[in-house]
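The structure under discussion appears below in the form of structure tokens.
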Amino acid sequence: MTMTETNVTRRRDPLPAESVFNARDLSILLLILFVGAIVRFYKLDASLWFDEVLTLTEFVRLSAWEIMTTYTSFNNHVFFTLQAHASVAMFGESAWALRLPAVLFGVAAIPLIWLLVLRTSGSMVMAHVSASLLALNYHHIWFSQNARGYTGLVFWSLLVLLLLIEARRSQNFKLLVGISIAAGLAMFTHLSAAFFLAGLFLAFIAAELWEASEQPFMRRVMPPTLAFVGAGLLALALHAPVIPDILENVLKFAEPKQDTGQVDALAGWKNPLSAFLTALSHLSLPGPVVLIAAPVFGIVSLFAFIRVARWNKLLALSIPLSIVTTIVCLLIAGMRIWPRFFLTDVVLCLVLAVAGVAAIAELVAKDHAAARLKYLGWAFGIAVSAVWATQNFRAPKQDFAGAVAFVQQESEPGDTFASLGLASEPISSYFAPDWASVFDASALQALMRAPGRTWVVYAFPEPTRITFPDAIEVLERDFESVAHFPGTLGGGSVLVWREK
């Protein structure tokens, strides 16, 4: 081996010696995969929530060609929509068939994270623990049962990261073709994949600068750069029929909003700190637990970053840089900083948690005591994840179906039914097409003049109160609250009011 080859090998994060696996290891992975599949298929037929209904009624019901040429809103995750369209065509229109592609990609991400940790850390135990945490992760289960493209985005993004790590290590440029295809499909699944990929590219450049090499810098970075360019060209080709519509939707967010006198109830989601605090408040965990867990996770993450950087600098750098890049891109575009844009980062943070526990255990103890301490920490994390995961099944994401069924059961002949504000879209298009839709006090008062009592259903209580204050004033004066249907969607409860 020449001197140049020795330096290149040292720089390229060599493959850990223990990264091979046997039949027992595969059996454990299959068991983890089985558990992950069970918790993702369980109660898959629960009531659809707002975004899922819009995905179904506005896009999935179209023909395949119409799906690829219709982009009236960002709700069309084109690649996912095509998959959901095929699933519904095969199995009939139902909640579980609509969500099936998301479930399958959610399960498929588990062996990917297992392989990623194994190929970077060389620890089979850490690979099993990381896969277990993902299999039982509350958020990943939630999105695996969500008829949207987010778990597909996670799968393709993790595959890009894994292929890029392998390409840098082996100098096998054939893998770059796989990077282009996987990254292109990630963006075809959901456009926000471009944010993660941009952060990953920056992490790649930073890793190349971090690690010394006798090879010229441009010679090292040019092949992977061309792979990312190829991904962009593939994404443009796949989106070609709707590029003008996409640009129009993006410009809607970027252009200054005219003052209509109506309050933006979701304005707080455009501020990073406000969005972060609101997301924390929506977690299905008690407040004190969040207050304790957040700083603890921050400390663990610091130790974890150092440990993961020893495994693979690209993997370590990709997590913070993708988060920062996503936030910056959303701020520039004037878009809301929804937590779902960071789902891939949430998955990678599980790897940080596993590495951080090991690093802290070895810091405070030695030899066998350190081993026992880190195993105890990992077991505790898996147990907490398992308990937290059950919160996914305490209620549907948003129980429009339960609210409509309650009204139909409790009402009397001659009663009038209406949906208010945002709830009008899913109720009028899917759950109860014959109901009236109201958006102000005058329309609501007009319904009240009809014989019988008037029933009103609305969702997203806080935004509805802010956006439709006159209608809410009429409700609180002339109606009584008779039912509250909670959901696992933060702030997405469905309320039922009946005329006094």
Side-chain angles (χ1 to χ4, degrees), residues 48-105 143 146-157 159-160 177 180-198 228-255 329-330 332-336 338 340-341 343 422 424-426 428-430 433:
L48 300 176
W49 75 284
F50 183 92
D51 278 3
E52 291 179 303
V53 173
L54 267 60
T55 296
L56 173 63
T57 58
E58 294 185 359
F59 302 111
V60 172
R61 287 175 176 174
L62 302 177
S63 68
W65 176 248
E66 288 173 324
I67 290 170
M68 295 188 66
T69 56
T70 304
Y71 207 94
T72 53
S73 76
F74 288 121
N75 228 44
N76 187 10
H77 303 176
V78 184
F79 195 25
F80 170 82
T81 307
L82 289 170
Q83 296 159 11
H85 175 82
S87 177
V88 168
M90 286 189 290
F91 303 111
E93 187 175 291
S94 64
W96 73 265
L98 186 67
R99 292 164 170 159
L100 184 59
V103 174
L104 296 179
F105 276 108
F143 282 99
N146 182 28
R148 316 281 277 128
Y150 297 107
T151 52
L153 179 153
V154 170
F155 173 85
W156 296 115
S157 298
L159 183 58
V160 172
V177 177
S180 293
I181 295 173
L185 292 178
M187 288 184 280
F188 192 40
T189 300
H190 194 277
L191 288 171
S192 68
F195 305 151
F196 175 82
L197 295 172
F228 279 91
V229 171
L233 293 175
L234 176 59
L236 284 173
L238 292 171
H239 284 106
V242 292
I243 288 177
D245 297 328
I246 292 174
L247 293 176
E248 182 180 346
N249 278 281
V250 171
L251 291 175
K252 285 180 182 178
F253 287 98
E255 65 186 12
C329 290
L330 290 172
I332 292 173
M335 299 175 67
R336 298 184 181 101
W338 296 123
R340 55 181 175 256
F341 292 139
L343 186 59
L422 289 172
S424 298
E425 182 66 37
S428 64
S429 65
Y430 186 73

(message) Any side-chain to backbone donor/acceptor pair from Asn76 onto Thr81? Under 3.5 Å, distance only.
(response) no

(message) I need the Trp156 CH2 to Phe105 CZ distance, nearest 0.5 Å.
(response) 5.5 Å

(request) Apply side chain to side chain contact (heavy atoms under 4.5 Å, CB included) to Leu247 and list each qualifying residue two or more places apart in sequence or on a separate chain. (result) Ile243

(message) Are the side chains of Tyr150 and His77 in contact, using a 4.5 Å heavy-atom criterion?
(response) yes

(request) Check whether any side-chain N or O of Asp51 sits under 3.5 Å from a backbone N or O of Asn75 as a donor-acceptor pair, and report yes or no. (result) no

(message) Could you check whether any side-chain N or O of Ser87 sits under 3.5 Å from a backbone N or O of Ala97, counting only pairs where one atom can act as donor and the other as acceptor?
(response) yes

(request) May I ask you to check whether Trp96 and Phe91 place their ring centers less than 6.0 Å from one another? (result) yes

(request) Could you pull out all residues at least two apart from Ala95 that satisfy side chain to side chain contact (heavy atoms under 4.5 Å, CB included)? (result) Leu48, Arg99

(request) Verify, without hydrogens or angle tests, whether Thr151 (side chain) and Ala102 (backbone) share a donor-acceptor contact under 3.5 angstrom. (result) yes

(request) Would you indicate whether the side-chain heavy atoms of Phe143 and Leu153 approach each other to under 4.5 Å? (result) no

(message) To the nearest 0.5 Å, what is the distance between OG1 on Thr55 and CZ on Phe50?
(response) 10.0 Å

(message) Can you tell me how far apart CZ (Phe196) and CZ (Phe341) are? Round to the nearest 0.5 Å.
(response) 15.5 Å

(request) Give the C-alpha distance, both sets of side-chain angles, the deciding distance and a yes or no for side-chain hydrogen bond (donor to acceptor under 3.5 Å, both in side chains) between Trp65 and Ser63. (result) CA-CA 5 Å; Trp65 176 248; Ser63 68; over 6 Å; no

(message) Once rounded to the nearest 0.5 Å, what's the spacing between atom OG of Ser73 and atom CZ of Phe59?
(response) 4.0 Å

(request) Grab the two heavy atoms, one from Ala237 and one from Pro241, that are nearest each other, plus how far apart they are. (result) O-CD, 4.4 Å

(message) So which atom in Val60 and which in Ile67 form the shortest heavy-atom distance, rounded to 0.1 Å?
(response) O-CD1, 4.2 Å

(request) Taking the side chain as every heavy atom from C-beta outward, state whether His190 and Phe195 have any atom pair closer than 4.5 Å. (result) no

(request) Enter the distance from His239:NE2 to Ile246:CD1 here, rounded to the nearest 0.5 Å. (result) 4.5 Å

(message) Please report the interatomic distance CG(Asn146) to CZ(Phe80), rounded to the nearest 0.5 Å.
(response) 7.5 Å

(request) Kindly write out the residues that satisfy side chain to side chain contact (heavy atoms under 4.5 Å, CB included) with Leu234, not counting sequence neighbours, or none if the list is empty. (result) Leu238

(request) Please confirm whether the backbone N or O of Leu422 pairs with a side-chain atom of Glu425, one donor and one acceptor, at under 3.5 Å? (result) no

(request) Taking the side chain as every heavy atom from C-beta outward, state whether Glu93 and Leu98 have any atom pair closer than 4.5 Å. (result) no

(request) Indicate the atoms forming the closest heavy-atom contact of Ala182 with Leu159, along with that distance. (result) CB-CD2, 4.0 Å

